[in-house]
Amino acid sequence: MGTKNNVTEFVLFGLSQSREMQHAFFIVFSLFHVLTILGNLLIIVTINASKTLNCPLYFFLTHLFADMCYPSATTPKMIADTFMERKTIFFNGCMTQLFSAHFFGGTEIFLLTAMAYDHYVAICGPLHYIIIMNQRKCSLLVGASWMAGFLYSILQTLLMVQLPFCGPSESDNFFCDINPLLKLACSDTYVVGLIVVTNSGMISLFSFLILIISYVVILLNLRSRSSEGRQKALSTCGLHIITVLLVLVPLMFMYIRPSTTLAADKLVILFSIVMPPLLNPLIYTLRNNEVKSMRKLFRVKENSGK
């Protein structure tokens, strides 16, 4: 007879037990979350309002609103918990949070891979770029990214739902994640832990290796270009590599090792959730010449209206 799951809620320890620190966290992460939402919405509105920002790069960027949704799966609950003496989350809410976080996080990884392919074609095959990266191909890449993110996340969630939890139900984390939940399960989780490493860890590692290899090929290809062409390509690729490192390095640290919890896990996953979505609007658009031109155009129209 299987072990009965008699846990209806989990208790989260949060980021800190200190009331002073929790008040500081409320202010800091509320500000970060608002800036993340506004920055990513600005990207989407600017690209959709422009008739010139219509190349595949900007098409992919409009779908990187997964960046905005990823922290929204966990941050609002974390912010609200700063006022709670006892931080709890119902079992169903926990599984929903787990699914949402891994769905949007996984989709972001696959979209970054699609964008790396776009950069590769643009630099290594510029004469055929328009033919290869047509609207249909871009739509297929985006659709495949969202579908892959869904399949990845649903597998993670199903692995957790079928585990028996019979107490204690206290998790030293600020949201429901895989490794802390495996620690709370009252059954042998060795096989499930291996599947998690294979699923989460290998996806992160393979995506990282594919991206690095593609950029090595791009850099080798740039040797025959003019200095101006090299500088422009390096600027575009360099910004994308920064994003890749911000997203994938913390995820590899978390999920490529056996399913154990370390003291640094909370800080690493917090960085992964908060910082890339916050910085991406700066990385991708505010330093982009075409977007700068759009911002100047908006200012001119605003001033002329006055």
Side-chain angles (χ1 to χ4, degrees), residues 10-17 21-22 24-26 28-33 35-36 66-82 87-89 93-110 112 149 152-153 155-157 159-160 169-185 189 192-193 195-205 207-208 242-280:
F10 295 98
V11 178
L12 305 174
F13 288 168
L15 294 174
S16 173
Q17 299 299 309
M21 289 298 296
Q22 290 187 56
F25 289 146
F26 170 78
V28 171
F29 291 113
S30 294
L31 178 62
F32 281 1
H33 192 56
L35 291 175
T36 297
D67 239 9
M68 178 174 61
C69 299
Y70 178 40
S72 296
T74 56
T75 306
K77 168 68 175 168
M78 178 186 72
I79 293 171
D81 279 346
T82 58
K87 305 168 180 59
T88 61
I89 183 169
C94 180
M95 294 301 116
T96 301
Q97 191 180 65
L98 176 73
F99 171 81
S100 302
H102 283 268
F103 173 48
F104 293 117
T107 300
E108 181 182 12
I109 292 174
F110 295 120
L112 288 174
Y152 155 74
S153 183
L155 175 59
Q156 301 290 73
T157 306
L159 287 172
M160 296 298 107
S169 59
E170 296 179 337
S171 174
D172 186 15
N173 209 343
F174 59 91
F175 80 107
C176 288
D177 200 14
I178 294 173
N179 288 340
L181 288 177
L182 288 176
K183 192 176 179 181
L184 296 178
T189 59
V192 176
I195 297 174
V196 168
V197 170
T198 303
N199 193 23
S200 298
M202 290 302 104
I203 284 176
S204 301
L205 178 61
S207 298
F208 180 77
I242 291 172
T243 302
V244 168
L245 293 175
L246 287 173
V247 172
L248 290 180
V249 170
L251 295 180
M252 287 190 292
F253 173 82
M254 289 294 300
Y255 300 117
I256 206 169
R257 54 183 167 82
S259 55
T260 55
T261 54
L262 302 177
D265 283 356
K266 269 199 290 191
L267 292 178
V268 172
I269 199 63
L270 180 65
F271 177 89
S272 172
I273 290 172
V274 173
M275 296 313 294
L278 177 66
L279 296 177
N280 275 353

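Side chains are part of it too, since the values below use all heavy atoms of this structure and drop only hydrogens, waters and symmetry mates.
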Quick check against the 3.5 Å criterion: does S100 have a side-chain atom that pairs as donor or acceptor with the backbone of T96?
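Yes; judged by distance alone, with no hydrogens or angles, the pair exists.
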So, K77 side chain and F174 main chain: donor-acceptor pair closer than 3.5 Å or not?
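Checking the backbone N and O of F174 against the side chain of K77, no donor-acceptor pair under 3.5 Å is found.
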Just how far is it from atom [atom1] of [X] to atom [atom2] of [Y], taken to the nearest 0.5 Å?
| X | Y | atom1 | atom2 | answer |
| --- | --- | --- | --- | --- |
| L270 | D265 | CG | CG | 12.0 Å |
| I178 | N173 | CD1 | CG | 11.5 Å |
| L278 | H33 | CG | NE2 | 11.0 Å |
| F104 | F99 | CZ | CZ | 8.0 Å |
| F10 | T88 | CZ | OG1 | 11.5 Å |
| F103 | Q156 | CZ | CD | 14.0 Å |

[X] vs [Y] side-chain heavy atoms within contact, under 4.5 Å:
| X | Y | answer |
| --- | --- | --- |
| M254 | V268 | yes |
| N280 | E108 | yes |
| F208 | V247 | no |
| D177 | L98 | yes |
| S171 | L181 | no |
| Q22 | K87 | yes |
| P250 | F271 | yes |
| F110 | I203 | yes |

May I have the step-by-step check of side chain to side chain contact (heavy atoms under 4.5 Å, CB included) for K183 and T189, ending in yes or no?
CA-CA 8 Å; K183 192 176 179 181; T189 59; over 6 Å; no
Report the C-alpha distance between L12 and E170 in whole Å, list the side-chain angles of each, state the deciding distance to 0.1 Å, and finish with yes or no for side chain to side chain contact (heavy atoms under 4.5 Å, CB included).
CA-CA 6 Å; L12 305 174; E170 296 179 337; over 6 Å; no
Closest heavy-atom pair and its distance - [X], [Y]:
| X | Y | result |
| --- | --- | --- |
| Q97 | C176 | OE1-N, 2.8 Å |
| P76 | P71 | CD-O, 3.7 Å |
| K266 | D172 | NZ-OD1, 3.0 Å |
| S207 | L248 | C-CD1, 4.1 Å |
| S204 | M252 | CB-CG, 3.7 Å |
| L184 | S169 | CD1-C, 4.1 Å |

With sequence neighbours excluded, residues passing ring pair (Phe, Tyr, Trp, His ring centres under 6.0 Å) with F29
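Per chain and number, F29 pairs via ring pair (Phe, Tyr, Trp, His ring centres under 6.0 Å) with F25.
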Can I242 and L279 be said to form a side chain to side chain contact (heavy atoms under 4.5 Å, CB included), step by step?
CA-CA 10 Å; I242 291 172; L279 296 177; over 6 Å; no
Pair L182, N179 - check side chain to side chain contact (heavy atoms under 4.5 Å, CB included), show working.
CA-CA 5 Å; L182 288 176; N179 288 340; 4.2 Å; yes
